[in-house]
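Letters A, B, ... are given to chains in the order of the sequence lines, protein chains preceding strands, and every chain is numbered from 1. The shown structure was predicted, so the numbers you read here are calculated from the model rather than taken from an experiment.
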There are 2 protein chains.
Amino acid sequence: MNKMDFSIHCQSCSFSHLCLPVSLDENELKTLDEIIERKKPLHKHDLLVEAQSKFKSLYAVRSGSFKSYITTSNGQEQIVGFHLPGDLIGFDALSTQHHQSSATALETSMVCEVPYTTLEQMAERFPTLRKQIMTCMSDDIKQGQELMMLLNKRKAEERLLYFLAQLSQRFSERGFSDKQFNLSMTRNEIGNYLGLTVETISRLLTRFQKENLIRVDGKLIEIIDYETIYNRSQGLHNDLLIKMA
Amino acid sequence: MNKMDFSIHCQSCSFSHLCLPVSLDENELKTLDEIIERKKPLHKHDLLVEAQSKFKSLYAVRSGSFKSYITTSNGQEQIVGFHLPGDLIGFDALSTQHHQSSATALETSMVCEVPYTTLEQMAERFPTLRKQIMTCMSDDIKQGQELMMLLNKRKAEERLLYFLAQLSQRFSERGFSDKQFNLSMTRNEIGNYLGLTVETISRLLTRFQKENLIRVDGKLIEIIDYETIYNRSQGLHNDLLIKMA
DNA sequence: AGTTTCAGTTGATTAAGATCATATTTATGA
DNA sequence: TCATAAATATGATCTTAATCAACTGAAACT
């Protein structure tokens with residue numbers, strides 16, 4: 001056994017409930033595990049996927065985090081998603097066989113590479129896997145629609161509260177603390193994603209701290225009042241809630 | 001032969017190049033044609049797909065147009081897309097087997113219904129069809145991302161110009177005039193989709209007319225200067241273009 | 001036909017967030 | 001370890017599009 005083998009397998013991966021292994025039986029899982037390649041770690045700013053490049057593999061995030069973004073004709077960058085462990089990156093290439101968006105590491109990160117050709121062969125043999133891929137794609141569509149709604153109808157405060165609530169929830173699903181976590185992205189990137197400026201993000205974070213919703217220490221965020229964060233991210237304020245009760 | 005049979009078949013459908021038939025051979029096309037049901041016409045405001053309902057079929061628009069929208073927890077409606085002939089409606093249900101969004105007719109319209117179970121059986125037999133379904137889904141994701149970018153980074157003028165340019169282009173792809181067309185949606189619905197108010201849409205349309213980009217007569221739009229419309233929808237203004245040259 | 005409702009236009013005012021400017025703190029690299 | 005760059009914070013001002021209001025025209029409905 002290779003020294004560098006840290007015994008990472010789908011069978012024992014703590015994110016298998018969020019990843020391709022969902023709904024595969026033991027045999028299928030073994031086959032999947034065999035075709036997946038573990039790549040060496042990527043560092044901050046390293047490019048994992050380049051827009052326009054040919055679609056060769058899907059990537060599952062094992063550790064760390066990524067952002068994916070598209071670039072407009074006039075050179076502006078639009079972040080379309082942040083990816084945490086268990087997330088799959090690269091679906092948007094299934095249509096044209098070329099990636100629509102680029103993805104870079106936000107911090108030192110590890111990924112599992114799933115070569116497309118072998119994945120397709122497996123999909124042929126295991127209908128459950130095919131279904132899971134469809135599900136992941138459909139989820140992507142859903143998430144896009146939700147985000148669109150957010151950007152369209154909600155104001156700055158609601159957008160950032162939604163972002164925080166969602167992060168907290170996603171960390172929780174992954175077995176990390178949902179009360180305290182590090183932002184691997186900059187305020188600038190958060191703003192880009194939410195359609196706001198850095199200054200607005202900065203001001204709001206200070207305000208949320210004053211209002212005792214969160215505690216901010218640089219990149220470290222502590223969620224103090226999740227209930228209120230969630231309600232207000234939905235446009236429901238305290239006075240409104242009292243009225244309804 | 002039934003009186004109501006207008007001899008509508010995938011083989012002769014003028015939108016087959018945009019719809020599921022893409023890349024099917026004659027035999028496959030015949031099978032597809034046989035499982036598709038032509039429904040009777042829907043009228044304005046008629047519900048085609050209801051959010052949360054069980055996924056039974058995909059629908060291909062044959063004539064007329066639809067909007068699809070999601071409804072937030074606080075009851076607000078967010079339009080996520082407009083559908084023209086050749087478009088497929090219902091993909092967002094593949095994940096959960098329940099529809100995420102509702103779709104209603106914007107005018108008297110016809111659809112072809114593709115029962116999911118039979119479609120799945122066909123997908124099993126014809127890899128090209130499976131690929132086409134994937135492609136359609138991936139296109140949905142892409143379109144969502146583009147729209148997100150639009151809502152995030154562009155100002156009112158650019159959003160509406162983009163909307164007009166895109167409509168013109170889509171009409172053209174479908175063999176309709178790209179210079180003159182009817183808006184089947186209200187100003188209100190355009191605003192909802194683009195994240196703007198009715199008043200803003202109205203004001204902009206009058207302004208675009210004054211600037212000789214378009215000619216507006218109620219629902220009828222005439223595209224006068226597509227070039228400028230497109231350039232300005234991308235944030236490129238005349239003075240900027242001159243500088244670059 | 002006439003009334004009511006809905007869609008669209010236009011103006012005045014306001015508010016939210018962008019932009020500009022500057023300071024400060026934190027990272028990064030020679 | 002210091003120097004430089006990048007990220008963050010905060011105040012002042014400006015711009016954009018929302019909001020509020022009033023009016024007109026077009027459908028829809030007995």
Between [N] ([atom2]) and [X] ([atom1]): distance, integer Å:
X: B:Leu204; N: C:dT10; atom1: CG; atom2: P; value: 12 Å
X: B:Arg207; N: D:dA17; atom1: CZ; atom2: C1'; value: 12 Å
X: B:Ile190; N: C:dT9; atom1: CD1; atom2: P; value: 10 Å
X: A:Leu220; N: C:dT26; atom1: CG; atom2: P; value: 13 Å
X: B:Glu157; N: D:dA18; atom1: CD; atom2: P; value: 14 Å
X: B:Lys155; N: D:dT15; atom1: NZ; atom2: P; value: 10 Å
X: B:Glu199; N: C:dG8; atom1: CD; atom2: P; value: 12 Å
X: B:Asn188; N: C:dC6; atom1: CG; atom2: C1'; value: 10 Å

When you check the phosphate oxygens OP1 and OP2 of [N], does a side-chain N or O of [X] lie under 4.0 Å from one of them?
X: A:Arg203; N: C:dG17; result: no
X: A:Thr197; N: C:dG17; result: no
X: B:Thr206; N: C:dT10; result: yes
X: B:Lys219; N: C:dG8; result: yes

Would you indicate what [X] reaches in the nucleic acid, counting non-hydrogen atoms under 4.0 angstrom: base, sugar-phosphate, or nothing?
X: A:Leu196; result: sugar-phosphate
X: B:Thr200; result: sugar-phosphate
X: B:Gly195; result: sugar-phosphate
X: B:Lys44; result: nothing

*Name the closest nucleotide to the B:Thr186 side chain, picking from D:dT8, C:dG8, D:dA17.*
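That would be C:dG8.
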*Between C:dT9, D:dA17, D:dT8, which nucleotide gets closest to the side-chain atoms of B:Arg187?*
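Within the option list, the nearest is C:dT9.
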*Could you pick out which residue, A:Asp217 or B:Lys210, lies toward the 5' side of DNA chain C when each is mapped onto its nearest nucleotide?*
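Its nearest nucleotide lies further toward 5', so the answer is B:Lys210.
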_Steps toward side chain to side chain contact (heavy atoms under 4.5 Å, CB included) verdict (A:Thr206, A:Val216)_ = CA-CA 8 Å; A:Thr206 359; A:Val216 187; over 6 Å; no
*salt bridge (charged side-chain N to carboxylate O under 4.0 Å, His left out) with A:Arg232: which of A:Glu158, A:Glu157, A:Glu227?*
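With A:Arg232 as partner, salt bridge (charged side-chain N to carboxylate O under 4.0 Å, His left out) holds for just one option, A:Glu157.
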*A:Lys153 and B:Gln76: side chain donor to acceptor below 3.5 Å*: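 On atom types as modelled, these side chains do not qualify, holding no pair under 3.5 Å.
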_Using a strict threshold of under 4.0 Å (side-chain N to carboxylate O), is an ion pair present between B:Glu211 and B:Arg207?_
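Between B:Glu211 and B:Arg207 there is a salt bridge, with a charged N closer than 4.0 Å to a carboxylate O.
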*Is the distance between the ring centroids of A:Phe176 and A:Phe181 less than 6.0 Å?*
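Not under 6.0 Å, so no.
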